[in-house]
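We count ligands from 1, going down the list as the structure has it; atoms in each ligand are counted the same way.
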Amino acid sequence: MQPTPLSRLTKLALALALTAGSVAVASPAQAAGPYERGPNPTNAALTASRGPFATASTSVSSFSVSGFGGGTIYYPTDTSQGAFGAVAISPGYTATWSSLSWLGPRLASHGFVVIGIETNSIYDQPASRGNQLLAALDYLVEDSSLTIRNRIDPNRLAVAGHSMGGGGTLEAASDRPSLQAAVPIAPWNLDKSWSELRVPTLIVGGESDSIAPVSSHSEPFYNSISLTEKSYLELNNASHFFPQSTNTPLARQMVAWLKRFVDDDTRYDQFICPGPSRGGDIEEYRNTCPLS
Ligand SMILES: CCCC(=O)Oc1ccc([N+](=O)[O-])cc1
């Protein structure tokens, strides 16, 4: 087939533009990442009590799963936008999911499937909690009896947890580098070095934590990570138990981190780099900006 000849007018326009040295290559509209979900983020949307998605929940009996103690799944009800990333969250020593349950609908309303787990025993240690987080993720993406399984993208998974659950979060991320994000909250672990970690990790600590003091837990954990993106948020005057009631700075930073690394949604970079400044609820924020 003959190429369509350029019209005289087009040729003239091109010649004029070239002479003027100003041929503008039409830039396509900024391509949206394939996993971006929801409207453009704002600080108000991240600090509101709910994100843009309506959510529902379903409980998971300990008798229907293996490797963890069941729990509760929260998910966006919207089925028009493709699959969502998922995050498994562990409570701390002697605690149950109810201690963190505000996080379930909060995160799900931003476009994530969340499983808040019960541990096999409330006395389980961090390594066991890490294995249980991974078992919960495996359940979400593999168990054919789970009717919402097709809402979950098996390649976009994350872990989080409080205290020994935060220690378990580090264990899970160390054991499974294919995870997209980890968020240890007031993490507690006897192992202080996580130099092998390749999972982008946001650590959130409390300035006044006397059970997992940041000086012997969150800070050395953060400092030991060198192979991946990391951020450290320290909350002003916060005790070990800050995640056990609605905590806006935690939710804001956690949603931004999950959006950025589970959904590859660079619209959230602005909340990570440079991130929150010191003052008010924020004692300190450190990160590895710029994000690559
Ligand atoms: C809600 C409980 C959070 C948590 O895990 O707290 C603790 C962490 C470590 C110890 N400990 O090592 O004894 C105790 C509580």
Sub-3.5 Å pairs, protein N or O with ligand 1 N or O:
residue, atom, partner, partner atom, Å
ligand 1, 5 (O), Tyr93, N, 2.8
ligand 1, 5 (O), Ser163, OG, 2.4
ligand 1, 5 (O), Met164, N, 3.3
ligand 1, 6 (O), Ser163, OG, 3.1
ligand 1, 6 (O), His240, NE2, 3.4

Can you list everything that forms a ring pair (Phe, Tyr, Trp, His ring centres under 6.0 Å) with Tyr232? Sequence neighbours excluded, please. Tyr222
What is the ring orientation for His217 with Phe221, classed by angle as parallel under 30°, tilted 30 to 60°, or perpendicular over 60°? perpendicular
Classify the side-chain pair [X]/[Y] by whether it contains a donor and acceptor separated by less than 3.5 Å.
X	Y	result
Thr288	Glu229	yes
Arg252	Asn43	yes
Arg286	Asn223	yes

Whether Arg156 engages the ring of Tyr35 as a cation-pi pair (distance to the six-membered ring centre under 6.0 angstrom, angle to the ring normal within 45°) should be assessed. yes
